[in-house]
Amino acid sequence: MRASATASPAMSAALEGVLAAERLASALRLAKVRLALSTTACGLVWLLPVDPQQVGTLGPTRWGALAFVVISAGVLVGLRRAPRFGRWAGLTVPLLDMPLLCAIQHLQLGTLVERWHGIPTSVAMMLFLVGLSALSLSRGVVWVAAVVADVGIVSVLLRTELPNIPVVLAALIPPALGAVLSAVVQRIRALLHEARAKDLLGKYVLGDRIGSGGMAEVFLATYSPEGGFERTVAVKRILPSVANDPEAVALFRREAAVGAMLAHPNVVQVLDFGADGRTFFLAMEYVDGLPLSQLLSWCRRARAPLSLPAVVHVASMLGRAADYVHTRRTPAGAPLDLVHRDLNPPNVIVSRIGEVKLGDFGIARTATFDQLTAAGMVRGKLSYSAPEQLRGAPYDARADLFALGVTLFETLTARRLFGAADDGALLPDCLSGDVPPPSALRPEVPAALDSLVLGLLARKPEERVGTASEVLQALSALTPELRDWRLGQQHLADAVAVARADAADALARADLATRTASVPIATPR
């Protein structure tokens with residue numbers, strides 16, 4: 001898709017903003033490389049032992065190397081303080097570095113016994129700076145650098161009084177290198193622009209990928225319609241590998257259609273559905289937080305289960321979501337008979353302020369759509385599926401309540417209820433394995449919560465808690481401290497904050513370890 005052909009002015013402006021950010025990133029990268037190289041060169045020139053008789057000949061080089069460090073540091077600091085100059089920062093290579101290098105070379109020529117001895121170094125350094133200018137990803141900068149390098153090389157060669165033929169041949173090298181690098185930069189920019197243009201889906205500019213699965217990937221995105229306002233959303237895009245699979249596309253459409261019928265504070269809201277080329281996408285409410293699965297993983301690692309008020313808050317919010325979903329009717333008033341079929345911690349999002357939302361209705365079953373699942377085929381995660389689902393028997397909304405029971409057990413205990421290593425051992429465990437009360441693993445769990453969880457986990461549907469409304473009634477009978485939703489929400493928000501901070505620290509440590517491992521280690525010869 002070409003942005004110029006399909007994108008609105010607001011979207012084109014958003015794309016230009018993305019490209020401008022990448023130009024700034026290129027400028028910062030170039031400035032950091034310049035500072036690192038100039039600092040290394042300065043250290044070598046000033047610190048390496050030199051024959052006392054040759055110290056005088058190194059004077060221009062030493063002070064010139066120090067000047068390079070000062071200029072490079074100044075450019076980097078300037079870019080950080082005034083990012084708007086990022087698009088011009090690459091010109092500092094031909095307009096500052098190259099004239100300085102040329103001046104150093106002319107001063108150095110006067111200290112050499114044979115002037116031609118400095119020619120290889122002079123030519124090599126100028127060409128190196130032309131190559132360095134390509135990091136700016138600007139063809140104009142590359143060509144300016146090639147011209148300035150040409151002038152510098154020719155001026156040095158003329159002072160050596162070489163014949164005209166070598167001077168002419170040497171003068172051809174910078175333009176030739178500039179042409180090659182310009183073509184490379186143009187190709188890189190074209191690929192970059194094409195990649196960014198593909199990140200435009202209708203009115204959405206895609207950002208970082210925040211999740212992926214077997215059928216789709218999820219991106220953080222910006223909604224930029226006409227009018228100038230923006231909104232952060234989550235865009236779910238079907239994977240190219242399954243874009244031609246009719247069943248996958250049908251399930252994706254089903255998720256959009258079901259989501260469009262739902263509007264509840266504890267359900268992730270579907271905002272839009274569309275197609276871009278051969279790609280289908282779904283725009284959803286973005287919940288800034290963590291999946292419950294990640295939060296429970298942190299609880300297991302930290303050996304710190306969620307507080308009981310926080311667990312009750314999760315149970316109450318999921319109970320409200322399930323009650324809304326199971327009792328939802330069509331606009332005509334007919335029962336929707338909606339069964340989520342995939343209620344489990346990865347599909348429960350906990351926001352940074354302690355909100356709890358149920359999402360991913362990709363395999364939901366309703367009475368208003370054709371059945372997409374083949375007879376006897378189990379949809380959903382095995383360890384959260386109700387026994388009647390696993391046996392291929394008829395099932396209803398009580399299957400979601402069994403999944404809710406498994407989820408609450410794990411939220412209370414921070415342990416998996418059915419955790420066999422393979423499906424062969426997991427299936428009989430799910431069908432008939434022992435289910436201990438949560439208090440057996442966490443003694444402070446009150447008997448009322450034990451009773452509710454075990455009631456949700458009854459193997460026979462007729463013995464199970466029958467409706468989400470009954471779940472909410474059982475929770476309302478708990479002690480005031482446990483059902484204090486403000487306290488529970490605050491405890492949940494605190495846990496999310498700590499879990500996110502720990503995840504950020506772990507990522508920073510991993511990045512530091514990677515960068516440390518990539519640093520070459522000097523070994524004595």
Side-chain angles (χ1 to χ4, degrees), residues 204 207-211 218-223 229-236 259 262-272 282-302 304-325 340 343-361 404 407-408 410-414 449 468 471-472 475-476 478-508:
Y204 306 94
D208 295 334
R209 188 169 74 165
I210 55 177
V218 182
F219 294 86
L220 190 64
T222 302
Y223 173 57
F229 70 89
E230 294 183 346
R231 177 182 178 180
T232 300
V233 297
V235 170
K236 188 174 184 178
L262 307 176
H264 189 271
N266 298 115
V267 174
V268 176
Q269 187 176 4
V270 172
L271 305 173
D272 192 13
L282 183 66
M284 303 174 292
E285 169 191 9
Y286 171 62
V287 184
D288 185 13
L290 290 175
L292 181 60
S293 55
Q294 290 188 20
L295 183 59
L296 295 181
S297 294
W298 171 80
C299 289
R300 284 190 286 271
R301 290 193 303 272
L306 296 174
S307 71
L308 292 181
V311 176
V312 173
H313 180 66
V314 171
S316 297
M317 297 303 103
L318 289 180
R320 292 180 184 180
D323 184 52
Y324 171 79
V325 167
H340 188 282
L343 197 162
N344 51 69
N347 292 334
V348 176
I349 310 299
V350 183
S351 80
R352 61 182 179 82
I353 60 173
E355 300 168 315
V356 180
K357 294 179 181 280
L358 176 63
D360 199 344
F361 286 77
L404 176 61
T407 299
L408 293 184
E410 295 179 5
T411 307
L412 276 169
T413 64
L449 269 181
V471 174
L472 296 175
L475 293 172
S476 67
L478 295 174
T479 62
E481 181 182 1
L482 290 181
R483 53 185 171 86
D484 184 342
W485 70 270
R486 292 186 183 275
L487 178 64
Q489 184 173 4
Q490 185 59 54
H491 285 185
L492 199 57
D494 293 342
V496 169
V498 177
R500 292 180 70 172
D502 284 356
D505 289 344
L507 185 62

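Screening V312, T411, V350 against L306 for a side chain to side chain contact (heavy atoms under 4.5 Å, CB included) leaves a single residue, T411. Tested against E410, the residues P345, P305, C299 include a single side chain to side chain contact (heavy atoms under 4.5 Å, CB included) partner, P345.
Between the side chain of N347 and the main chain of G359, no donor-acceptor pair closer than 3.5 Å is present. Under the 3.5 Å distance criterion, the side-chain polar atoms of Y286 are left unmatched by any main-chain donor or acceptor of T222.
Side-chain contact check for Y223 versus D272: every heavy-atom pair is 4.5 Å or farther apart. In this structure, the side chains of L295 and V496 come closer than 4.5 Å at one or more pairs of heavy atoms. Residues N344 and L292 are not in side-chain contact: their nearest non-hydrogen atoms beyond the backbone lie 4.5 Å or more apart.
Nearest heavy atoms, V287 versus S351: CG1-CB, 3.6 Å. L358 and A321 get closest at one heavy-atom pair: CB-CB, 4.2 Å. Nearest approach of E285 to V267, heavy atoms of both residues: OE1-O, 3.8 Å. In plain terms, the two heavy atoms of L290 and A499 that are nearest each other are CD1-CB, 3.8 Å. Considering all non-hydrogen atoms of both residues, V270 and G259 come closest at CG2-CA, 3.5 Å. Of all heavy-atom pairs between L487 and P309, the closest is CD2-CG, 4.0 Å.
One distance of note links CG of L408 with CG of L475; it measures 8.0 Å at 0.5 Å rounding. Here the CZ atom belonging to R352 is positioned 13.5 Å from the CG atom belonging to L492, to the nearest 0.5 angstrom. In this structure, T232 OG1 and D288 CG are separated by 9.0 Å, a value rounded to the nearest 0.5 Å.
Listed by first and then second residue, the side chain to side chain donor-acceptor pair (under 3.5 Å) pairs that reach into residues 482-493 are S307-H491, Q490-D494, sequence neighbours excluded. Judged as a side chain to side chain donor-acceptor pair (under 3.5 Å), the pairs with a partner in residues 290-299 (not counting sequence neighbours) are, in order, S297-R300, W298-D502.
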Item to check | side chain to side chain contact (heavy atoms under 4.5 Å, CB included) assessment of K236 paired with D360 | outcome: CA-CA 10 Å; K236 188 174 184 178; D360 199 344; 3.6 Å; yes
